[in-house]
Enquirer: 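Okay, here's the structure, questions in a sec.
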Number of protein chains: 2
Amino acid sequence: MEKQTVTIYDVAREAAVSMATVSRVVNGNPNVKPATRKKVLEVIDRLDYRPNAVARGLASKKTTTIGVIIPDVTNAYFSSLARGIDDIAMMYKYNIILTNSDENGGKEVQVLNTLMAKQVDGIIFMGNQVTDELREEFRRSKAPIVLAGSVDAEKTQPSVNIDYVAAVAEAVKNLIDHGNEKIAFVSGSMDQAINHDYRLKGYKKALKDAGIAYDDKLVFETDYTYKAGQSLEPALNAAGATAAFVGDDELAAGVMNGLTDAGVAVPDEFEVITSNDTKLTELVRPKMSSITQPLYDIGAVAMRLLTKLMNNETVDENTVILPYGLMKRSSTK
Amino acid sequence: MEKQTVTIYDVAREAAVSMATVSRVVNGNPNVKPATRKKVLEVIDRLDYRPNAVARGLASKKTTTIGVIIPDVTNAYFSSLARGIDDIAMMYKYNIILTNSDENGGKEVQVLNTLMAKQVDGIIFMGNQVTDELREEFRRSKAPIVLAGSVDAEKTQPSVNIDYVAAVAEAVKNLIDHGNEKIAFVSGSMDQAINHDYRLKGYKKALKDAGIAYDDKLVFETDYTYKAGQSLEPALNAAGATAAFVGDDELAAGVMNGLTDAGVAVPDEFEVITSNDTKLTELVRPKMSSITQPLYDIGAVAMRLLTKLMNNETVDENTVILPYGLMKRSSTK
DNA sequence: TGCAAGAGTGAAAACGCTTTCACATCAAAG
DNA sequence: CTTTGATGTGAAAGCGTTTTCACTCTTGCA
């Protein structure tokens with residue numbers, strides 16, 4: 001025995017008005033006589049009428065739902081962004097369809113398509129490897145798409161980020177200032193624009209400014225996991241590094257613990273600076289120095305930007321750069 | 001100049017068949033002559049036709065979308081569950097609308113309502129404080145709802161969990177076996193069923209089994225944050241505790257670091273065992289001993305259960321209990 | 001040769017809303 | 001009193017699918 005759903009038509013009949021009028025009061029349209037409005041509201045209340053958002057979406061061509069593509073919710077960096085996104089979305093009455101992509105191009109394209117099929121009003125994309133195919137999909141989307149905490153070298157989409165090049169350069173300079181000359185650059189895949197086109201650039205810049213020669217033996221390309229970091233100690237040691245810039249906090253924690261476990265003292269014998277300033281940096285011992293990013297805000301601002309785009313408001317700047325900082329904790333001198 | 005969307009009608013016209021037939025081929029209905037199917041598929045391809053999921057949802061009364069209510073994505077425990085949920089959901093062609101509730105009753109009710117308005121096919125709820133009002137909303141929902149990693153004392157909804165009482169009892173027994181008599185019970189709000197009706201019960205049981213008197217001075221009700229744990233050291237000390245069972249990993253990390261920072265040696269002078277076995281337990285030093293839970297699986301199984309419910313398959317057991325374990329690391333002797 | 005039973009297809013009615021357009025009403029202005 | 005411009009309301013046409021039902025062909029079989 002299915003519960004019978006009450007529709008706008010039922011309300012109209014009971015209130016002795018037209019569907020149009022019911023629709024008006026539901027949507028807060030001011031062109032309704034107060035007496036009528038009251039009458040309709042009473043019936044709505046009595047019948048416990050709840051508008052069907054799907055029907056609404058079909059008729060109005062707006063779903064008040066946005067799609068969010070995230071590499072992995074389980075990653076503290078991204079989940080912080082996601083929280084910022086959701087909070088602002090909720091503030092603007094949007095809901096979020098969240099899907100994990102594992103930064104896998106095929107999955108990203110597929111997910112993007114189902115999001116578009118579901119007629120989301122907008123999309124927020126996180127992930128640093130924007131393939132040509134993906135870019136093509138972006139282009140064909142009628143819903144606006146903004147990148148959050150992610151970069152695409154082609155800069156074809158609106159995005160919100162920090163200035164990665166400058167941030168990394170500053171972090172590395174800090175290490176250099178402490179007397180380190182052999183500084184490792186540890187990050188995830190170099191196929192990712194953020195590593196290849198931004199972080200590495202910052203790293204090289206700092207080196208160059210200090211007159212230190214770039215040595216690709218000091219560049220460690222691995223994946224963003226604790227384990228990967230932990231097992232990096234021998235290689236780091238073999239390369240003669242005395243400090244490392246690391247592109248991810250979990251990875252950095254691994255690097256640091258791997259070092260410590262191998263009897264290398266951090267920061268006295270080896271300094272580590274990381275990138276994302278997630279909670280993690282405070283939990284490990286020694287606490288990790290890090291580039292600071294307004295994670296929550298990156299998500300929040302991205303979502304805010306998206307709302308403007310969805311409303312066809314003109315936005316002065318398509319790519320917004322938020323301020324970063326450097327937080328000295330105990331993994332650097 | 002809006003891009004003109006191509007509809008099923010356009011395809012039908014171009015392929016010289018009816019909409020019904022196009023619908024059939026799109027949905028893989030076998031009652032279509034191969035030749036016809038081929039012809040239609042060609043047109044679909046040529047026009048780049050993409051079915052509108054909203055229209056589909058309206059007509060079929062299925063949205064292939066489920067709602068997920070999560071206290072906070074940023075929390076490692078819950079985000080692990082969320083990942084399990086999403087993976088299985090994707091496997092069954094569902095998408096997920098994710099909303100953060102902060103375990104705030106009012107927000108939960110509101111979110112639940114918007115999810116139902118959006119006609120989700122099912123809902124997964126995480127949160128340990130099921131108010132009467134919430135229970136009422138659950139009841140009125142036509143979409144099935146399952147609790148994941150969350151308990152409701154009334155057991156009115158399907159759920160997937162571990163046996164919290166037994167797990168906590170075992171953890172505490174372990175502490176007792178190490179010679180501790182004054183064992184602190186540290187958790188979040190006692191209003192939450194999981195703390196009040198499960199964990200505390202397990203704690204008391206272990207005490208009773210060992211013939212140790214229960215002392216509510218040793219029960220610390222706080223919130224699930226690192227900071228809260230960190231500042232607990234003086235109180236713990238004042239109560240004369242020599243060990244603690246903690247209900248959340250981040251909180252436990254705080255407790256442990258607070259202790260360490262105050263010069264209390266873990267585990268020699270104070271043992272700590274935590275509850276959720278998130279990655280965190282491995283990142284801090286000493287590594288934390290913990291009850292182990294199959295986090296990902298709890299989410300995955302909950303989602304799987306939900307698919308069955310949505311298909312009206314009969315399920316033998318409405319509440320599934322997954323196995324737990326105890327992982328000894330370095331925060332206990 | 002005739003007939004029952006599929007197989008394949010199309011017409012059209014939902015699905016539950018928004019929105020356009022036309023119309024009616026009414027108060028203020030001439 | 002008329003005219004006018006707002007204000008309030010309803011009829012009905014979408015929105016893009018799925019699904020039911022009826023109908024036409026084919027086949028296989030008696």
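Worth saying up front: this structure is predicted, and the values here are computed from it rather than measured. Reminder, nothing fancy here: chain letters follow the sequence lines and each chain counts from 1.
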Enquirer: Could you tell me if the ring centre of A/Tyr77 sits under 6.0 Å from that of A/Tyr224?
Expert: no
Enquirer: What contact category does B/Val17 fall into here, base, sugar-phosphate, or nothing, at under 4.0 angstrom with non-hydrogen atoms?
Expert: sugar-phosphate
Enquirer: Counting only heavy atoms from other residues, nucleotides and ligands, does the tally under 6.0 Å from CD of B/Glu136 exceed 12?
Expert: yes
Enquirer: Does one side chain, of A/Asn31 or A/Arg24, offer a donor that lies under 3.5 Å from an acceptor on the other?
Expert: no
Enquirer: Which listed nucleotide (C/dT18, C/dC15, D/dG10) is nearest to the side chain of B/Leu58?
Expert: C/dC15
Enquirer: Can you find a donor-acceptor N/O pair under 3.5 angstrom joining the side chain of B/Arg24 to the base of C/dG10?
Expert: yes
Enquirer: By the 4.0 Å heavy-atom rule, please label A/Thr7 as base, sugar-phosphate, or nothing.
Expert: sugar-phosphate
Enquirer: Got a sec? Which of residues 29-42 of chain A come in under 4.0 Å of DNA chain C, heavy atoms?
Expert: none
Enquirer: Please report the distance, rounded to the nearest Å, between CZ in B/Arg56 and P in C/dG16.
Expert: 18 Å
Enquirer: Any side-chain donor-acceptor pair under 3.5 Å between A/Lys107 and A/Thr99?
Expert: no
Enquirer: Under a 4.0 Å threshold between the charged nitrogen and the carboxylate oxygen, would A/Arg46 count as salt-bridged to A/Asp48?
Expert: no
Enquirer: Does A/Lys62 place a side-chain N or O at less than 4.0 Å from the phosphate oxygens OP1/OP2 of D/dC15?
Expert: no
Enquirer: Any idea which of C/dT19, D/dG16, C/dG16 is nearest the B/Lys61 side chain?
Expert: C/dG16
Enquirer: Going by atom types only, do B/Arg304 and B/Thr307 share a side-chain donor-acceptor pair under 3.5 Å?
Expert: yes
Enquirer: Between D/dG10, C/dG10, C/dT18, spot the one nearest the side chain of A/Ala59, thanks.
Expert: C/dT18
